[in-house]
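Beneath this line is the structure, given in structure tokens, with notes to follow.
The figures here come from the full heavy-atom set of this structure, side chains too, leaving out hydrogens, waters and symmetry mates. Each chain gets a letter, A, B and so on, in the order its sequence line appears, and its residues count up from 1.
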Amino acid sequence: MRMELIQPFINAADAVFAESLQGPTKIMDLSMDEDTYRRKGVAALITIKGEIEGRVILDLSPDVAVKVASQLAGTEMEASEQLVRETVCELANMVIGNSVTLLNDAGFRFKVFPPEVHMDQAGLTGSVDTEALVICIETPCGEIYLNIAMHYLRRRRQERDTAHALD
Amino acid sequence: MKQFAALLRKDNRPVRYLVVDDSVFARKNLIKMIEMFGGEVAGEAGDGLTAIAEYGRSKPDIVLMDITMPQMEGIEAVERIVRQHADARIVMVSSVGYQENILAALQKGAKHFVQKPVKPEVLYEILRYVLSDDPNATGVPVALAGESRS
């Protein structure tokens, strides 16, 4: 787990939630997860590929999504599947956009793929590299979860090459 | 809520904005800020193609343009609007704040960039700056009714 790659996402999430939801945020829970991710609500999955690789899942309940949308719009929004999808994507884009800026400034080059929204019952399939940090952030609109798995591409390759050489 | 001195055109009329974003509530959020700045919404669009048509129809003073949108992305829409209307004033509003995107938008003719979540005070200063280059705008905010100016 590379905290230097994960910290920018935590910092960005904290700043984005506090600014856009106009209130204090608090990290309620922090845990490691190596299994298939089980969604709490509606999840946006963003894949990152390049010098650093991994994925970030932003996950919140539909009720929280509607509260977030209403707060962002400054007016009461009517609940709908479309609104929930839009909200999860917009929030994920803001968190990723802000963390990408921090990581780009640190000199990393990579490509960010558009968010994929998951609303079905299935869990999100992991991969060999998905040792992830799961964070629950309490916001004025309710709990928002982040599941972050990031690693250095080059370092992983070197580790694998070394392991093969020792076989 | 923080109060802002109204940003007006030189003819003392409200600045007219075209708001382009595929997210309805992101547009509502920007419109709320525009109203705080004493502006007027000339039009809205949810993608780049519609934005081009809306620009031609509404002839806004300022466009607030998202980058990532369906059908046509914001940077391509900027290029096409500026090609047809060399005096267009477009401010990019996006969560994707990395250098390549900002540079690409500026090279295509955007005047400025603001990262989401948008802070009203940041957007206000950017609009002030962009409008100061506009022959129709004062560039200097007009005081709110009852507000003293020194």
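Geometrically, A:Lys111 engages A:Phe113 in a cation-pi contact defined by less than 6.0 Å to the ring centre and at most 45° from the axis.
Side chain of A:Glu51 to main chain of A:Phe108: no donor-acceptor pair is present (N/O by atom type, distance under 3.5 Å, no hydrogens or angles). Judged by distance alone, with hydrogens and angles left aside, the side-chain atoms of B:Arg27 form a donor-acceptor pair with the main-chain N or O of B:Asp21 at under 3.5 Å. Formation of a donor-acceptor pair under 3.5 Å by the B:Thr50 side chain with backbone atoms of B:Gly46 is not found in this model.
When A:Leu102, A:Asp105, A:Leu72, A:Val95 are compared by the number of non-hydrogen pairs under 4.5 Å with chain B, A:Leu72 comes out ahead. Interface check for chain A: of the options B:Ile31, B:Thr68, B:Val24, the most heavy-atom pairs under 4.5 Å are formed by B:Val24.
A salt bridge does not link B:Asp61 with B:Arg89: none of the charged nitrogens is closer than 4.0 Å to a carboxylate oxygen.
For a residue to count as touching a neighbouring chain, one of its non-hydrogen atoms must lie under 4.5 Å from one of that chain's; by this rule A:Met77 touches chain B with the side chain only. Looking at A:Thr75, the atoms closer than 4.5 Å to chain B (heavy atoms on both sides) all sit in the side chain, from C-beta outward. The contact between A:Glu86 and chain B is made by backbone and side chain atoms together, counting heavy-atom distances below 4.5 Å. Looking at A:Arg85, there are no atoms closer than 4.5 Å to chain B (heavy atoms on both sides), in backbone or side chain. Only the backbone of A:Gln71 comes within contact range of chain B, judged by heavy atoms closer than 4.5 Å.
Side-chain contact of A:Glu4 with A:Tyr152: a donor-acceptor pair under 3.5 Å is present, judged by distance alone.
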